[in-house]
Number of protein chains: 2
Amino acid sequence: MTTDTPARLLRLLSLLQTPREWPGGELADRLGVSRRTVRRDIDRLRELGYPVQATKGAEGGYRLVAGKAMPPLVLDDEEAVAIAVGLRAGAGHAVEGVDEASVRALAKLEQVLPSRLRRRVSTLQAATDPLTSGDGATVAPETLTLIASAVAGQERLRFAYRSRDGTGTRRLTEPYRLLSTGRRWYLVAYDLDRADWRTFRLDRVSDPFATGARFTPRELPTGSAAEYLRQSMYRRQEAYAFDVTFAAPAELVAARLPGWLGSPEPVDEHSCRLRGTADASPAWLAVRLALFDCEFTVHEPPELLGCVRDLGARLTRAAGGTTP
Amino acid sequence: MTTDTPARLLRLLSLLQTPREWPGGELADRLGVSRRTVRRDIDRLRELGYPVQATKGAEGGYRLVAGKAMPPLVLDDEEAVAIAVGLRAGAGHAVEGVDEASVRALAKLEQVLPSRLRRRVSTLQAATDPLTSGDGATVAPETLTLIASAVAGQERLRFAYRSRDGTGTRRLTEPYRLLSTGRRWYLVAYDLDRADWRTFRLDRVSDPFATGARFTPRELPTGSAAEYLRQSMYRRQEAYAFDVTFAAPAELVAARLPGWLGSPEPVDEHSCRLRGTADASPAWLAVRLALFDCEFTVHEPPELLGCVRDLGARLTRAAGGTTP
DNA sequence: TGTACTAGGCCGGATTCTGTCCTCATCGCA
DNA sequence: TGCGATGAGGACAGAATCCGGCCTAGTACA
């Protein structure tokens, strides 16, 4: 236990993050310094922008409260594992607006995650995410974080890519941005061999590898990466339109809808119609629709219709073949 | 920019957590100190147990790597929001073994989450978690974190409770432990009015409020809280048994099963039988089963059979009522 | 071979930190 | 209404630490 000031500040921060009140005396004991020094340390934390609330009088104490900036989170082993598992599960069904930040956070965490915890994370992860099963094309979290790191660190990225017709190629790219359209992940990158910009579906990427080589990012011809991706997807017609009527008010459907699927238009008070586009397989969308516990009708496309019919038939069979 | 050493160390930590290489000179610039001091600071981080890997030679630099302990995570706004949203979504369908730690981490994070970010979290959260819809009884993340804090901080907890027959009461408790059985959350606590131990289903709790009053935890008569909860659930027969046959190998089903549902026994090479107990509503379990994309047969209980039949009928209707 | 980078020792001066002692304000309890 | 426990903060002196500059050594890459 050295008398190192910065180390003590970090320990104080970690103590204060436990959601409870800490009397000054106890903090002084734990940190091995005098009460006065504890007060000074707390002043320092406040100056750093991490407000510490103090209740005076007997039974008083200190407690870290919400401030203007996020203080460094001090996590114990189990909490770190929980966050990693949660983020990896979440990386599958990405929520619009958080997806990319979520992967960044995961990359940051896994960069420093002790190896003994890493094992626990991968073990636990097997038990998660029922929804990924609907559509075979999933992305390994390792792939996601590795590519996110390469984007952030501006390192060249090499990987194997399986194109739509099944042929495999090896690519050397300058990764530009990671994007998700609800269900799928895409990488927008400059392909060095083809000497042009490309978009890659991450579920077709394998063996990604960050060569240490740094690069200075080129300018994307189209304005934003999201715009470029959208154009590229429409060009290849990877997305398809669907059309469904729900026997529920529009606002109810909207509240329970992933958002990136589109927004429903009210037909009358008790029903609404949803026309949108999806880039996932119809089978996955069918399961998704089954989750709504209200009547609905599928109009388009025929593939979706077939999937819903099959799922319905399977469930009916499941209920029919009962044994007394 | 004061020349405060501990503050500089924190900033260095936050810089190093960006997944990229940092040359010493750049770090010195950013921190406003000499190269020599940067080296010393990095030494200090190493002494604190956060190993910094350095690559020598040109193009060299520093980078934080996995060590023995978790370093304090320095998150930017978006990452903090992403983690909060991810954890809140995950708090619904809890994964065995991480559930409680996950709530603890969420409580820790939300305790210090700046209010402007808090708004973004609650906005985004609306768009998540499709599975909670199957079963109306969900728990607000705020309730979860507040109770977790009360357990950790050993503060008395007051809340309104709606018992199974619908009558509402107010309780004053000493919260002991938070548990989840897959789908549902339970609080094991000492009820001060009844002067005895009780278990509470969190989806029946409303208006929880931590009175500042501290208490020293009593000893639970039964050994562990999990054991106590299990006994109490069997006494009330809140859980029910189910029995399903899948037309898929046992290991495949086991891999995609939430784990707490039970483990399947192989019938032959291509099918297996799952007998387990669930405390969720049959409707929710029916949707869950629909997610498996293999044939299956429901044997028990009749309620589940009915739900599966209804769901199948609804999907068939959805596919049937097509418009040309 | 040269260059750019990390690693680390040494030293002197400046800065900061810590513990002690002090006073004052606030709160809860007897 | 007073007492005790707690937080807030000023003053001060001695000790510890920190910082920058200078040095050499080792490594990787062009």
Side-chain angles (χ1 to χ4, degrees), chain A residues 1-13 15-16 20-48 50-65 153-156 210-216, chain B residues 1-13 15-16 20-48 50-65 153 155-156 210-215:
Chain A
M1 189 74 53
T2 85
T3 166
D4 199 359
T5 313
R8 196 184 57 231
L9 263 191
L10 282 179
R11 282 201 298 144
L12 176 60
L13 203 54
L15 286 178
L16 285 179
R20 55 165 286 196
E21 294 250 318
W22 292 93
E26 191 170 351
L27 289 178
D29 273 359
R30 293 227 183 194
L31 301 175
V33 291
S34 74
R35 273 173 145 76
R36 185 66 183 90
T37 303
V38 169
R39 278 207 294 279
R40 266 193 280 249
D41 283 353
I42 287 182
D43 270 352
R44 244 191 305 244
L45 285 185
R46 287 183 179 141
E47 274 170 23
L48 287 177
Y50 311 134
V52 178
Q53 170 198 302
T55 49
K56 293 189 172 185
E59 291 284 309
Y62 298 94
R63 174 190 289 250
L64 195 59
V65 296
Q154 306 179 352
E155 288 183 37
R156 288 196 178 157
T211 80
R214 298 278 287 279
F215 66 91
T216 52
Chain B
M1 190 72 54
T2 83
T3 165
D4 199 357
T5 313
R8 195 185 57 234
L9 261 191
L10 283 179
R11 282 202 297 143
L12 177 60
L13 203 54
L15 286 178
L16 284 179
R20 52 164 289 195
E21 295 251 317
W22 291 93
E26 190 168 351
L27 289 178
D29 273 359
R30 293 228 182 193
L31 300 175
V33 291
S34 76
R35 273 171 148 76
R36 184 68 187 87
T37 303
V38 169
R39 278 207 294 279
R40 263 193 284 253
D41 283 352
I42 286 182
D43 270 352
R44 246 192 302 245
L45 285 185
R46 287 182 178 142
E47 275 170 23
L48 287 177
Y50 311 134
V52 178
Q53 169 198 304
T55 49
K56 294 189 171 185
E59 292 283 310
Y62 297 95
R63 174 190 289 247
L64 196 59
V65 297
E155 288 184 38
R156 288 197 177 157
T211 80
R214 299 278 287 279
F215 66 92

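Sequence lines set the chain letters: A, B, ... in the order given, protein chains first and strands last, and positions in each chain run from 1. Nothing here was measured: the structure is a model prediction, and the numbers come from that model.
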Going through the checks in order, is the side chain to side chain contact (heavy atoms under 4.5 Å, CB included) test met by A:Ile42 and A:Arg46? CA-CA 6 Å; A:Ile42 287 182; A:Arg46 287 183 179 141; 3.8 Å; yes
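One atom, CG of B:Asp29, and another, P of D:dG20, lie 12 Å apart when rounded to the nearest Å. If you take CD of A:Glu47 and P of C:dT16, they are 12 Å apart, rounded to a whole angstrom. For the pair A:Asp43 CG and D:dG10 C1', the computed distance is 12 Å after rounding to whole Å. Following rounding to the nearest Å, A:Glu21 (CD) and C:dC27 (C1') show an atom-to-atom distance of 13 Å. Taking atom CZ of residue B:Arg46 and atom P of nucleotide C:dT6, one finds them 11 Å apart after rounding to whole Å. One atom, CG of B:Leu31, and another, C1' of D:dG20, lie 15 Å apart when rounded to the nearest Å. A:Leu12 has its CG atom 16 Å from the C1' atom of C:dT18, to the nearest Å. Per the geometry, CG belonging to A:Leu27 stands 15 Å off P belonging to C:dT18, to the nearest Å.
Taking the screw axis at each terminus of the helix from C:dT1-D:dA30 to C:dA30-D:dT1 from five consecutive base pairs, the angle between the two is 50° to within rounding of 10 degrees.
Heavy atoms only, all atoms of each residue included: B:Leu48 and A:Ala7 are closest at CD2-CB, 3.2 Å. Across all non-hydrogen atoms, the minimal contact from A:Glu155 to B:Arg63 is OE2-NH2, 3.0 Å. Nearest heavy atoms, A:Tyr62 versus A:Gly24: CE1-CA, 3.9 Å. Contact detail for B:Arg35 and B:Gly25: the closest heavy-atom pair is NH1-CA, 3.7 Å. Between B:Leu64 and B:Pro51 the shortest heavy-atom distance is CD1-O, 3.4 Å.
Between A:Thr55 and C:dC27 there is no side-chain N or O to OP1 or OP2 distance below 4.0 Å. For B:Arg35, no side-chain nitrogen or oxygen approaches OP1 or OP2 of C:dA4 to under 4.0 Å. Regarding contacts with the backbone of C:dT6, every side-chain N or O of B:Arg63 stays at 4.0 angstrom or more from both OP1 and OP2. Under 4.0 angstrom from either OP1 or OP2 of C:dT18 there lies at least one side-chain N or O belonging to A:Arg8.
Position along DNA chain D of the nearest nucleotide to A:Trp22 versus B:Asp41 favours A:Trp22 as the more 5'-ward residue.
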Below 3.5 Å is the cut-off: list the nitrogen or oxygen pairs between protein and nucleotides 20-23 of chain C, distance only.
none

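With values rounded to the nearest 0.5 angstrom, A:Glu21 atom CD is found 10.5 Å from A:Leu16 atom CG.
Of the charged side-chain nitrogens involved, none lies within less than 4.0 Å of a carboxylate oxygen, so that A:Arg40 and A:Asp43 do not count as a salt-bridged pair.
Applying the side chain to side chain contact (heavy atoms under 4.5 Å, CB included) test between A:Leu12 and each of A:Val33, A:Leu31, A:Val52 identifies A:Leu31 as the sole match.
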